[in-house]
Amino acid sequence: MAEFLLEIGTEEMPADWLPVLGEQLGRVFDAASSRERLVPREIDVAWTPRRLVLAARVLERQPDREERMFGPLLRMARGPAGQWTPAGLGFARKMGCPPEALEEAAKDGASEPYVSYMRKTDGQDASLILPALIAATLRGLAFPKRMNWDAWLDDGKGAFPFGRPIRWLLALLDGAVIPFRIHAVENGVRGRVINESGNVTRGHRFLPRRSAGRPVTVRSLTDLKRKLRARFVLLDPAEREARIRDALASHLARIHDDHGLIRTWRDLVEFPAVVFGAIPAEFQRLPGEVLEAVLVHHQKYIPIMNEGRAIARFAAVVNGDAGSEEIVRGMERVVVARLRDAAFFFEEDLKRPLEDRVKDLAGVVFHEGLGTYREKVERIIRLIDVMGPKMGLLTRQDHEGAREAARVCKADLTTLMVREFPELQGMMGGVYLRAQGTPRLDVAQAVQWHYHPLSIDADAPPFGRMHGGEIALFAALSVADKLDTLAGCFGLGLIPTGSSDPFGLRRAAQGVIRVLLDFWDVDAGEKRPSMRRLVMAAIEGHEVPTGRSREEIAADLERFLIERLRFMLVARGFPPDEVDAALGAREPDALDDPRECHLRLEALHRARSEAAEDFAHLAVAFKRAKNILGDGVHAAPDTSLYARDAERDLDAEVTRLSKVGSGYEERLKALSGLRGPVDRFFEEVLVMDEDPRIRENRLGLLARTLALFLRVADVASLTTAARKTEEEAR
Amino acid sequence: MTLQQIIMSLSRYWAERGCLVHQPWDAEIGAGTMHPETFLRVLGPAPWKAAYVQPSRRPADGRYGENPNRLYKHHQFQVILKPSPQEIQDVYLASLVALGIDPALHDVRFEEDNWESPTLGAWGIGWQVLLDGQEITQFTYFQQAGGIELAPISVEITYGLERIAMYLQNVDDVFDLEWGAGVRYRDVRREEEYQLSRYSFEQAGTDLHRDLFERYLAEGWKLLDDTERRSYLSAYDWCLKSSHAFNVLDARGAVSVSERAQLILKIRKLACAVASAYVAHQDGDAREGASG
């Protein structure tokens with residue numbers, strides 16, 4: 001095998017794209033080179049903001065291939081006397097062989113013989129195939145946003161948008177250059193060559209000081225890594241991250257990296273070094289959230305707390321071997337300028353009680369067609385009332401607190417601080433309520449966090465930030481606010497499609513689901529909210545839109561929520577087929593109780609990992625059962641109508657298992673024991689008996705068996721053994 | 001380096017690289033992009049290279065001359081190159097060296113920051129260039145202007161002159177900058193900042209500006225609708241004036257959130273119509289050239 005090495009040198013790619021692009025690069029090349037029978041192995045990817053690198057071992061030459069090609073039916077290809085017909089001769093010509101070389105062969109599923117030819121194709125050298133694979137790989141990368149950069153590829157597709165302009169290409173097979181060219185588009189057609197692959201890379205933009213920018217010749221991945229290191233580029237993201245963590249080691253206890261900045265830093269630079277700056281004491285009085293917004297959101301600096309838990313310093317990454325005093329001074333100056341603005345806003349805002357601003361919301365439009373924020377707040381309160389007295393989800397005290405939080409939650413939209421730092425919405429409401437001495441800290445907390453959760457990760461904020469009753473207030477307000485937005489936008493027909501989601505509805509839906517999954521904790525005997533009922537209540541809060549009924553809107557929104565739930569569960573690492581199985585369970589279904597769905601999924605995942613083969617069998621059997629049953633409703637089976645042991649055994653087993661256990665996992669494990677009786681039922685019993693009574697009875701038994709599972713998981717959604725193994729092999 | 005030396009260095013640097021050194025647009029605009037030498041020249045196939053200073057008025061950013069970093073009117077040095085040269089990042093970085101900034105001794109980075117102008121129907125892909133954490137340049141590959149997909153792609157480099165000067169002169173207050181000839185920024189601009197801020201926050205007549213806004217737009221449309229004598233360049237003047245009238249209204253707090261989107265849309269419609277008229281005119285010229 002030979003080493004294929006590809007380095008795509010680009011202008012700076014956005015940091016948060018890179019891990020995804022790296023993963024795609026490996027996957028796309030794997031698929032493309034496998035299709036070309038180059039049997040890729042040891043695929044390795046790495047990146048920096050200025051390069052995407054792929055290395056793989058591939059065959060030096062495609063294996064020769066023999067494939068049977070089918071021509072016309074034998075009786076069409078040869079006449080009665082055995083002479084070749086024009087159709088037969090035509091096929092031989094197409095295959096490039098004399099007609100004598102054609103054979104008679106049987107085709108799957110056909111009763112008559114065909115003429116056929118065993119076509120041999122000589123394998124080609126990998127070096128001849130790789131240029132097309134490079135094109136396919138470049139084309140196969142999906143960017144969150146592509147740009148036109150006047151480039152053209154000779155792969156038949158022409159115009160070649162990419163994430164950022166490509167400035168060099170290194171493409172080697174065992175050290176020999178694989179030729180590849182990118183052209184310019186000139187007047188809409190292919191123009192001059194703008195990139196030609198070579199054996200040359202480039203180091204850091206500015207380092208080492210005198211020789212930066214000079215081309216560097218490379219032979220292999222090892223050579224590339226070594227030479228880049230000497231030129232201030234650490235190709236391996238893990239190594240860059242380790243270097244950052246080392247530099248931060250003595251501060252880690254006083255850092256909250258809630259925003260994943262260390263990961264971002266890793267992909268912002270090619271050679272990270274960490275520097276530390278100070279925050280003048282006068283600004284340390286500002287609320288931590290404000291300091292954090294300035295440092296984290298605007299500068300990507302990590303706040304560091306002092307002994308008194310005040311943010312007194314910050315850490316920043318620089319792209320080089322060391323940070324000079326001058327660099328730090330520049331950074332501090334930017335931070336101070338921002339903080340000076342923030343301090344001014346803070347003082348100004350505090351001059352007026354937040355409470356007082358509530359009435360101003362009548363003048364702030366929430367969304368065209370959905371009224372002002374004052375109206376939105378009224379709708380949120382009504383929704384909280386539904387959760388409280390009507391659905392009994394909130395205690396009297398929590399209900400009253402949540403109402404109060406809803407009333408003031410949007411008031412900070414009129415503050416200078418939020419106008420300047422929109423990402424502080426909600427946050428500032430909480431901060432100002434506390435600074436102005438509210439007696440209800442739980443209300444302040446709920447207001448502060450109500451735009452959250454913003455991330456779908458289980459341990460992302462506000463996880464761990466609230467306790468006891470605060471969580472109930474937050475959960476009610478957060479869900480009510482988001483569902484109101486979703487219901488309103490869906491009512492206006494603003495349903496996200498493709499990559500377009502200008503109102504952040506996906507995030508809102510995921511926020512609702514995450515609150516229900518991770519924050520709506522109930523003690524024994526208490527009720528969990530029905531998402532379905534809340535959706536309807538939210539839709540009822542809006543005026544009936546013209547041309548659509550509430551039921552239609554609810555159906556759209558429910559479908560959307562289920563899709564987001566599925567996305568989140570897959571993102572949390574569950575195999576997609578298990579997620580579908582859990583989503584297919586009934587009573588309560590996932591819409592009524594997403595958290596129950598999550599519990600079922602965890603149970604299914606564990607039970608299946610212990611009895612993979614049983615579940616694969618059951619999946620096959622249940623797919624079959626589902627096909628047979630269709631959409632019909634079937635009466636419970638009558639035991640006296642059973643004619644065979646396999647029926648009686650299955651019935652007995654189903655009856656026994658319907659009483660087993662209360663926990664999902666326990667039940668699933670027991671249910672996996674149905675494999676034997678189910679298999680036998682299908683082997684020995686013909687469901688579609690001629691006697692309609694027996695047939696209906698057997699359908700009833702199947703339906704009952706399926707129903708037993710549907711309380712936990714729709715097992716028919718699981719992939720079957722063959723596909724699973726295939727997936728693992730890939 | 002004084003502010004005027006920076007301007008002269010950049011002008012010389014880009015002139016040596018084939019740019020026409022143009023002059024600022026002679027009316028109130030919010031950014032160098034709105035200058036016809038950028039907004040219209042990026043349309044169509046004809047190559048173009050120009051550089052100019054553009055005083056940029058942003059009424060809502062006014063701080064009565066009291067904030068050391070914020071200004072009602074700041075200065076951009078705008079470079080527009082069509083098509084974008086291959087090594088443009090390196091060419092840009094060399095312009096920093098020409099200003100005396102050694103990137104090897106600083107932290108100079110290209111960080112993702114895509115640019116969009118809803119009023120111009122324009123957007124692009126690019127970065128903010130950070131110098132030790134301070135944004136000193138917006139670097140954009142234009143993708144669309146006036147609602148029209150661009151080909152070839154232009155690159156726009158917008159230097160923030162005050163910020164670069166503050167960095168080079170190591171001052172924390174913009175009004176402490178040395179403009180040139182021993183004169184400070186304060187002496188040149190402080191009173192202007194104060195009065196412009198006071199005007200746009202306190203004195204600007206909202207009824208007048210509302211009226212002007214609509215009438216400017218109407219005048220622009222009148223010119224475009226005159227198919228015999230379509231003075232689209234004059235129409236663009238009125239479009240820019242309506243944009244400034246909107247900015248004054250906005251700073252004055254006279255525009256609600258929902259109305260804001262509607263007013264911006266009105267400006268964009270006119271800007272897009274001007275862009276279409278410009279392209280149609282260029283195409284007409286090209287056809288005449290080909291047939292003649």
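Chain letters run A, B, ... following the sequence lines, proteins first and then strands; every chain starts at 1.
Within the 4.5 angstrom heavy-atom criterion, only side-chain atoms of A:Y301, from C-beta onward, approach chain B. With a 4.5 Å cut-off on non-hydrogen atoms, B:D102 touches chain A through its side chain but not through its backbone. There is no contact between A:E325 and chain B, counting heavy-atom distances below 4.5 Å. Using a 4.5 Å cut-off between heavy atoms, B:V171 contacts chain A through its backbone alone, with no side-chain atom that close. B:R163 does not touch chain A: none of its heavy atoms, backbone or side chain, sits under 4.5 Å away. In this structure, chain B has a heavy atom under 4.5 Å from the side chain of A:L207, while its backbone stays farther away. At a 4.5 Å heavy-atom cutoff, the contact between A:E326 and chain B is made by backbone and side-chain atoms alike. Of the two parts of A:P165, only the side chain, counted from C-beta on, holds a non-hydrogen atom closer than 4.5 Å to a non-hydrogen atom of chain B. Looking at A:V317, the atoms closer than 4.5 Å to chain B (heavy atoms on both sides) sit in the backbone and in the side chain alike. Contacts between B:E135 and chain A at a heavy-atom distance below 4.5 Å are absent for every atom of the residue. Heavy-atom distances place both the backbone and the side chain of B:V108 under 4.5 Å from chain A.
Heavy-atom pairs under 4.5 Å with chain A were tallied for B:V155, B:L150, B:L105; the largest tally goes to B:L105. Of the listed residues (B:M166, B:Q86, B:H106, B:Q134), the one with the most heavy-atom contacts under 4.5 Å to chain A is B:Q86. Heavy-atom pairs under 4.5 Å with chain B were tallied for A:A15, A:A212, A:P14, A:G330; the largest tally goes to A:P14.
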_CA sep, side-chain torsions, deciding dist, call: A:R205, B:Q89, side-chain hydrogen bond (donor to acceptor under 3.5 Å, both in side chains)_ = CA-CA 10 Å; A:R205 271 196 189 283; B:Q89 281 186 311; 2.5 Å; yes
_Under the criterion side chain to side chain contact (heavy atoms under 4.5 Å, CB included), I'd like the reasoning laid out for B:E112 against A:R164: C-alpha separation, chi angles, the key distance, then a yes or no._
CA-CA 10 Å; B:E112 179 193 20; A:R164 287 289 185 277; 3.7 Å; yes
*Apply side chain to side chain contact (heavy atoms under 4.5 Å, CB included) to B:Y167 and A:R333, showing your working.*
CA-CA 9 Å; B:Y167 198 95; A:R333 192 154 52 196; 3.7 Å; yes
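At most 12 heavy atoms of other shown residues, nucleotides or ligands fall within 6.0 angstrom of atom CZ in A:R419. Under a cut-off of 6.0 angstrom, the local environment of CZ in B:R198 is crowded, with over 12 non-hydrogen atoms contributed by other residues, nucleotides or ligands. A:R181 CZ: 12 or fewer foreign heavy atoms inside a 6.0 Å radius. The neighbour count for B:K269 NZ, taken as heavy atoms of other residues, nucleotides or ligands under 6.0 Å away, does not exceed 12.
Closest non-hydrogen pair, A:R167 versus B:P85, comes out as NH2-O, 4.0 Å. Counting all heavy atoms, side chain and backbone alike, B:P68 lies closest to A:R340 at CG-NH1, 2.8 Å. The heavy-atom pair separating A:V318 from B:R109 by the smallest distance is CA-NH1, 3.8 Å. Residues A:N148 and B:I153 approach most closely at O-CG1, 3.2 Å, considering heavy atoms. Across every non-hydrogen atom of A:I327 and B:D107, the tightest pair is CD1-N, 3.8 Å. The two residues B:N69 and A:A337 have their closest heavy-atom pair at ND2-CB, 2.9 Å.
The side-chain heavy atoms of A:E11 and B:F110, taken from C-beta on, include no pair separated by under 4.5 Å. Side-chain contact check for A:R329 versus B:D132: every heavy-atom pair is 4.5 Å or farther apart. You'll find the side chain of B:I125 stays beyond 4.5 Å of the side chain of A:R146, heavy atoms only. Looking at A:M147 and B:Q143, their side chains come closer than 4.5 Å, going by heavy atoms from C-beta outward. Between A:F206 and B:L93, the closest side-chain pair of non-hydrogen atoms falls below 4.5 Å.
We find the CZ-CZ distance between A:F344 and B:R70 to be 10.5 Å, quoted to the nearest 0.5 Å.
The pair B:E116-A:K145 fails the salt-bridge criterion, with no side-chain N (NZ, NE, NH1 or NH2) lying under 4.0 Å from an Asp/Glu carboxylate O.
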